[in-house]
Asks: 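Before anything else, here's the structure in question.
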2 protein chains.
Amino acid sequence: MASRKDVAKLAGVSPASVSYYVNKNGYVSKKTGDKIQKAIDELQYVPNQIARSLKIKNTKQLLFLCNDIRNPFYSQLVYRATKSAANLGYTILFSSVVDNEDYINKILSYQVSGVFASNNKMDVKQINKIAKAQVPVVLLRDLDWDDLDSSVSLIKVDFSSIMKEIVTHLTENGCDSIHYISSSSINNLDAKAISFINAMKGKSFSIIEKVSATKEAHDTIYNTYKEKEDFPSSFVCTNDAVALGCIRAVIDRGLRVPEDVKVVGFDNTNISQYSNPEISTVDIDSEAIGDFAVNILLDKINGKKRDHKKIIPRLIVRKSSMK
Amino acid sequence: MASRKDVAKLAGVSPASVSYYVNKNGYVSKKTGDKIQKAIDELQYVPNQIARSLKIKNTKQLLFLCNDIRNPFYSQLVYRATKSAANLGYTILFSSVVDNEDYINKILSYQVSGVFASNNKMDVKQINKIAKAQVPVVLLRDLDWDDLDSSVSLIKVDFSSIMKEIVTHLTENGCDSIHYISSSSINNLDAKAISFINAMKGKSFSIIEKVSATKEAHDTIYNTYKEKEDFPSSFVCTNDAVALGCIRAVIDRGLRVPEDVKVVGFDNTNISQYSNPEISTVDIDSEAIGDFAVNILLDKINGKKRDHKKIIPRLIVRKSSMK
DNA sequence: CTGAAAGCGCTTACAG
DNA sequence: CTGAAAGCGCTTACAG
């Protein structure tokens, strides 16, 4: 591929002028500019962003670390972030984190301009290592980490209020036992699950751990209650896909939703909107989070301080949890 | 951040030796190696992949161009591709294509090692431009382009057989009119729609264009038939999300699925598996496509020739299209 | 307004 | 086994 040098030679000017022209900084006379443009067109010259990055120390790439892009919450987030970033001249490097010891080093080696981390596979130490290497970091996380590097910006979803709202809603609709299906494990509960437990203070509940997909949810719930006489009067599920599987398990057990058992999901995906019965769910504006992530990252790249951001989820009551 | 030079100085060796040691090529004595390792640990040295890329002319980044990552078909594909690529030391740069004239130049400027294009916003000329710049390209596409650069590898999904299978299935189950809901526009039908038309030779049908999401599908279908007495006896939908909206429209019209109207979707997402009624659909192994994309790209990067690849979809009959 | 030159951090033939 | 040196393609102070 043609380089700046080739263009300079063909145009009969110095390589420096080509740079000045291409980047529209420095002074280039109209005449020289025209000659350069002609050479660029002729050679189909495209500047090498890698060489540029090496020099200016900004790759204009934002690394997005997500647990599972197949989860609509994340795919929406990434979708929006990609657009926002593109508008600002940045590109999204996407990764589901690889549980590799060397992974952080690899990230660092790519010299990305910023990192958005929404995954639960990284610990404080790893995040801090990135931050200490002067790479701006935005974290989507709800639990506090005492020793988190102070340069990291947080986007927090306020689960505690919404969980209280859900519990109140279910209780008012006559549920005496509320069970929670969590994607995290009991040993290491995520913020959603913890908020649920807090909201249930004084009430009886149980938690089913490590369930995040529809089929898994169906099978686990069905099997858990197969031999038991009692069946819970309601379930709160970590996401809509799980809620869907949960409803199926209820039906397979010979019970009805919402008459016998009420179900609430999370994320307000079209699964919840169009399933039968329609599923009550929690809307968390993932597209807004995608936008915030990019904007905060860019502010940080440009040296501005940014505070934490709080996202307020919204309960959407549909048929699956009505009286 | 510490550079190779700093490590060399601290270890008391030459920068070249550090390179040889880090990349495990060239000879470095055990003693020198130990000194270098100590310095690396002390300085928390991470090699700069950007500088490396500039020199070796391989960024080890694969660009994935998809229409819409929110579509489960693509999110699964990307999910798997990310994993495959990571195993091979490559990273996925993700982009929903931006309809920007300069976009191809931007891609080229990033010096990516390979491009996977599955989107319908790029034309042959753009693809050819990438290919001509010596960047390996894999295209997910079913229609032929006569003037496609011969270096491009295709992954083709065989829609024509599966569409015939669907039509036969619906006809045998008593449907006398089959309507197709396409995400593409009538002026520029995609391979799925064209295969549908071919499969319908001699039968009557109609096509509703530019519908790709659940709500959109519901509203469009509902409104299209609101005033009419007749209602189609079956719908084939471009994806499961659309099929879901379609079923809703049927129900809102006061008809039943599958007794009065039969519906078939595409992609075998969990929407289809767990909706009520369960939706007949077509399984296209998007994870396999993700794997193929990465593997073919890597072979091409390593100078091997690769042929086209054909993917055979599979009809999954569920309740929504049964007698 | 334009160009020669230093330098970003690396790799790798080559000489010793 | 090790190091000095050229070079990847760019940017940008600096001198003219």
Side-chain angles (χ1 to χ4, degrees), chain A residues 1-37 39-40 43-61 89 105-106 108-113 133-135, chain B residues 1-37 39-40 43-61 89 105-106 108-113 133-135:
Chain A
M1 252 162 66
S3 79
R4 201 197 32 153
K5 226 171 164 177
D6 304 319
V7 173
K9 199 186 287 172
L10 183 62
V13 301
S14 80
S17 294
V18 177
S19 275
Y20 288 131
Y21 176 76
V22 167
N23 297 317
K24 298 175 178 40
N25 55 14
Y27 300 95
V28 179
S29 68
K30 172 99 176 59
K31 208 158 81 187
T32 309
D34 288 347
K35 278 192 290 184
I36 294 173
Q37 186 57 55
I40 288 178
L43 295 172
Q44 301 227 46
Y45 169 67
V46 179
N48 184 324
Q49 174 66 23
I50 295 298
R52 183 154 203 276
S53 297
L54 179 58
K55 187 64 192 175
I56 67 173
K57 310 225 159 211
N58 182 356
T59 52
K60 304 221 162 194
Q61 295 194 339
N105 284 343
K106 193 152 176 219
L108 262 20
S109 79
Y110 271 94
Q111 318 291 117
V112 293
S113 304
Q134 318 289 355
V135 180
Chain B
M1 251 164 66
S3 78
R4 202 196 34 152
K5 224 166 162 183
D6 304 320
V7 174
K9 197 187 288 175
L10 183 62
V13 301
S14 81
S17 294
V18 177
S19 275
Y20 289 131
Y21 175 77
V22 167
N23 297 317
K24 297 177 179 39
N25 55 11
Y27 300 96
V28 179
S29 68
K30 172 101 175 60
K31 211 158 81 187
T32 309
D34 288 349
K35 278 192 291 186
I36 294 173
Q37 185 59 55
I40 287 176
L43 295 172
Q44 302 227 46
Y45 168 67
V46 178
N48 183 326
Q49 174 66 24
I50 294 297
R52 185 155 201 275
S53 297
L54 179 58
K55 187 65 192 173
I56 65 174
K57 309 223 157 213
N58 182 355
T59 53
K60 304 221 162 194
Q61 295 194 339
N105 284 343
K106 194 155 174 210
L108 261 21
S109 79
Y110 271 95
Q111 319 290 119
V112 294
S113 304
Q134 318 288 356
V135 180

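Note on naming: letters A, B, ... go to the chains in the order of the sequence lines (proteins, then strands), and numbering restarts at 1 for each one.
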Asks: Quick one: do B:V13 and B:Y21 satisfy side-chain contact (heavy atoms from CB on, under 4.5 Å)? Show the steps, please.
Replies: CA-CA 11 Å; B:V13 301; B:Y21 175 77; over 6 Å; no
Asks: Looking at CG of A:L108 and OH of B:Y45, how far apart are the two atoms once the value is rounded to the nearest 0.5 Å?
Replies: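 A:L108 atom CG to B:Y45 atom OH measures 12.0 Å (nearest 0.5 Å).
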Asks: Would you mind telling me which of D:dG3, D:dC14, C:dT12 lies closest to the side-chain atoms of B:S19?
Replies: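 Side chain of B:S19 sits closest to C:dT12.
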Asks: Return no unless some side-chain N or O of A:S29 is found under 4.0 Å from OP1 or OP2 of C:dT2.
Replies: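 True: A:S29 side-chain N/O within range (under 4.0 Å) of C:dT2 OP1/OP2.
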Asks: When you measure from the side-chain N and O atoms of A:Y21 to the phosphate of C:dC1, is any distance below 4.0 Å, counting only OP1 and OP2?
Replies: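 Answer is no, no contact under 4.0 Å.
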Asks: Is any side-chain N or O of B:T32 closer than 4.0 Å to OP1 or OP2 of D:dT2?
Replies: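 For B:T32, the contact criterion (side-chain N or O under 4.0 Å from OP1 or OP2 of D:dT2) is met.
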Asks: Figure out the NZ/P separation between B:K55 and D:dG9, and round it to whole Å.
Replies: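 Going from NZ in B:K55 over to P in D:dG9 covers 9 Å.
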Asks: How many Å lie between NZ on A:K57 and P on C:dG9, as a whole number?
Replies: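 The answer, rounded to whole Å, is 3 Å.
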Asks: Between A:K9 (NZ) and D:dG9 (C1'), how many Å, whole number?
Replies: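 Answer to the nearest Å: 14 Å.
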Asks: To the nearest 0.5 Å, what is the distance between CD (A:Q49) and CD (B:Q111)?
Replies: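 If I round to the nearest 0.5 Å, the distance is 9.0 Å.
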Asks: Does a nitrogen or oxygen in the side chain of A:S17 sit under 4.0 Å from OP1 or OP2 of C:dT2?
Replies: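 For C:dT2, neither OP1 nor OP2 has a side-chain N or O of A:S17 closer than 4.0 Å.
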Asks: Across all strands, who's sitting opposite C:dA15 as a Watson-Crick or G-U wobble pair, both distances under 3.5 Å?
Replies: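 D:dT2 - that is the nucleotide pairing with C:dA15, both distances being under 3.5 Å.
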Asks: With respect to the side chain of A:A51, which nucleotide from D:dG9, D:dT12, C:dT12 is positioned closest?
Replies: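 Of the options given, the side chain of A:A51 lies nearest D:dG9.
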Asks: Expressed in angstrom and rounded to an integer, what is the separation of B:L108 atom CG from D:dC10 atom P?
Replies: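 Result: 12 Å.
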Asks: Please report, rounded to the nearest Å, how far the P atom of D:dC10 is from the CG atom of B:N48.
Replies: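 Answer to the nearest Å: 17 Å.
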Asks: Counting the atoms with a prime plus P, OP1 and OP2 as sugar-phosphate, which does A:P47 contact under 4.0 Å by heavy atoms, base, sugar-phosphate, or nothing?
Replies: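 It contacts sugar-phosphate atoms only.
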Asks: For A:R4 and D:dG9, is the shortest distance between a side-chain N/O and OP1 or OP2 below 4.0 Å?
Replies: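 Answer no for this pair, as no side-chain N or O of A:R4 is under 4.0 Å from OP1 or OP2.
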Asks: Closest nucleotide of DNA chain D for B:K30 versus for A:P15: which of these residues is on the 5' side?
Replies: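 Looking at DNA chain D, the more 5' nearest nucleotide goes with B:K30.
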Asks: Answer with base, sugar-phosphate or nothing: what part of the nucleic acid does A:L54 contact at a heavy-atom distance below 4.0 Å?
Replies: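 Base contact - A:L54 has a heavy atom under 4.0 Å of at least one base atom.
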Asks: Using whole Å, report how far CZ of B:R52 lies from P of C:dT11.
Replies: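 For the pair B:R52 CZ and C:dT11 P, the rounded distance is 5 Å.
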Asks: Determine the minimum heavy-atom distance between B:V135 and B:V112, stating which atoms define it.
Replies: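 Minimum heavy-atom separation between B:V135 and B:V112: CG1-O, 3.9 Å.
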Asks: Would you find a donor on one side and an acceptor on the other, under 3.5 Å apart, between the side chain of B:D34 and the backbone of B:K31?
Replies: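 Checked: no pair found.
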Asks: In whole angstrom, what separates A:K60's NZ from D:dT11's C1'?
Replies: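 Value for this atom pair: 14 Å.
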Asks: What is the separation between atom CD1 on A:I50 and atom C1' on D:dG7, rounded to the nearest whole Å?
Replies: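 Interatomic distance, CD1 of A:I50 to C1' of D:dG7: 17 Å.
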Asks: Counting only side-chain N and O atoms of B:S3, is one of them less than 4.0 Å from OP1 or OP2 of C:dG9?
Replies: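 It does not, given that no N or O in the side chain of B:S3 lies less than 4.0 Å from OP1 or OP2 of C:dG9.
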